[in-house]
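Reminder, nothing fancy here: chain letters follow the sequence lines and each chain counts from 1.
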2 protein chains.
Amino acid sequence: MEQKIMDFVDTFIEGAGEMGSGLGLNRSVAQLYALLYLSNTPLSLDDMANHLKISKGNVSMNIRILESWNAVRKVWVKGSRKDYYEADLDILKIIVTRLKEGLNRRMSQALSLLQNAEQTIAENNQNGNTKDKEQFKVFQERIDRIKKIHSMTTALLTTISPEKFLMGNL
Amino acid sequence: MEQKIMDFVDTFIEGAGEMGSGLGLNRSVAQLYALLYLSNTPLSLDDMANHLKISKGNVSMNIRILESWNAVRKVWVKGSRKDYYEADLDILKIIVTRLKEGLNRRMSQALSLLQNAEQTIAENNQNGNTKDKEQFKVFQERIDRIKKIHSMTTALLTTISPEKFLMGNL
DNA sequence: CGTTTCGTTCAAATTGTTTTGAACGTTCTG
DNA sequence: CAGAACGTTCAAAACAATTTGAACGAAACG
């Protein structure tokens, strides 16, 4: 294999490292995925550790993060007792799924907070003085905005849910 | 103002801190925005530092990050020589704008990388052996997928561009 | 069996990010 | 003009996240 091409692979992987850190994933996770994404064949933990020059423990931990996202899967290779992995190539699916999960997790937290707030605001609004009432109204309004954003975002993510999205699979 | 309500404000802000760290913003940035988001009136640097119990330097640096995103703006308060800030309430606009910027920045990097790769692949594809040719084809295919994702995502973000988005402003 | 090959775990080390606070320049104020 | 009130800066400190590698257990091997 030509040197230039191997360089490309390395540059791609390096780029993926920075890229990934852009939103929420660490270097190793991003690079592991990039390596598998470009690879023709499934790779073993040792293959990956060697190629990326990172420790075996690191690969073991981070590959299982990718597995938990269904971004990679274990495949069985005849005649070897190592674990081999390959990438799920549908990047968009992976991203949308993760966004949905994240949104729900964060929002269920936030929404119960808002629930309490509204409760308290309603109670206080009965007998507060004028100035307090104004403040309550502001809170109420801002909270409503957030709720609206939540429902919009949820709707949006469902709309672009991979199953339904443009022209079948990528 | 009732204790319960002040508790709500604090809990909200605290929540925002964790929330924000979920994707790419640090605690102070998230909390500054949350504080201004709930506030009736513009706040000075000292107000913010006091309320959030963080240093003045911290506020100064991080408020200007928010400013650079147009998430907050400086307002002039008659009779004071402090700087006061208020939040832009259109959270969705802020998010979409930032996503667009981020996507473009990262992608222009990635795309030039892909450009080079394709160049090299094309050259090599002329005279490689069979096995190499297969590998080239794989690279080419995977690169094309990424390009496709890029154009889809760009299109999507444009579609939900706030100006055009559902029912006017939030 | 005893040995080797794997993957996993986790405490310690490394690396990266955020925060602080003292020092500073500028502008206002009396 | 001297002093106070502001916002900014940046090196150092505190804190958080990632990575390493040695230790371990389980399974395969001979």
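Taking only side-chain atoms of A:S55, from C-beta outward, the nucleotide of C:dC6, C:dT19, D:dT20 with the closest atom is D:dT20. Picking from D:dC10, C:dG7, D:dT18 the nucleotide with the shortest atom distance to the side chain of A:N26 gives D:dT18.
When rounded to the nearest whole Å, the span between CG of B:D46 and C1' of D:dA4 equals 13 Å. Distance CG (A:L32) to C1' (D:dT18): 13 Å, rounded to an integer number of Å. Atom-to-atom, CG of B:L52 to P of C:dT18 comes out at 16 Å; the value is rounded to the nearest Å. Separating the CZ atom of B:R27 from the P atom of D:dC15 is a distance of 11 Å, rounded to the nearest angstrom. Distance NZ (A:K53) to P (D:dG21): 14 Å, rounded to an integer number of Å. Across the protein-nucleic acid pair, B:K74 atom NZ and D:dG7 atom C1' stand 8 Å apart, rounded to whole Å. For the pair A:K82 NZ and C:dC6 C1', the interatomic distance rounds to 8 Å; values are reported in whole Å. Atom CG of A:N62 is separated from atom P of C:dT9 by 13 Å (rounded to the nearest Å).
For the side chain to side chain contact (heavy atoms under 4.5 Å, CB included) criterion with A:Y33, the lone passing option out of A:L25, A:I91, A:I13 is A:I91.
For A:F8 and B:F139, the gap between ring centers is short of 6.0 Å.
A 4.5 Å side-chain heavy-atom check between A:E101 and A:T97 finds at least one atom pair inside the cut-off.
For A:T153 (side chain) and A:I149 (main-chain N/O), a donor-acceptor pair under 3.5 Å exists by modelled atom type.
Within 4.0 Å of B:S28, counting heavy atoms only, lie sugar-phosphate atoms of the nucleic acid but no base atom.
Where A:R81 and A:G57 meet DNA chain C, the nucleotide closest to each residue was compared, and A:R81 sits on the side nearer the 5' end. Judged by closest nucleotide on DNA chain D, B:L45 is the one of B:L45 and A:N58 placed further toward the 5' end.
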Begin from the C-alpha positions of B:D47 and B:S44 and carry the test side chain to side chain donor-acceptor pair (under 3.5 Å) through to its verdict. CA-CA 5 Å; B:D47 294 339; B:S44 71; 3.1 Å; yes
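Donor-acceptor pairing under 3.5 Å, judged by distance alone, is absent between the side chain of B:K56 and the base of C:dG21.
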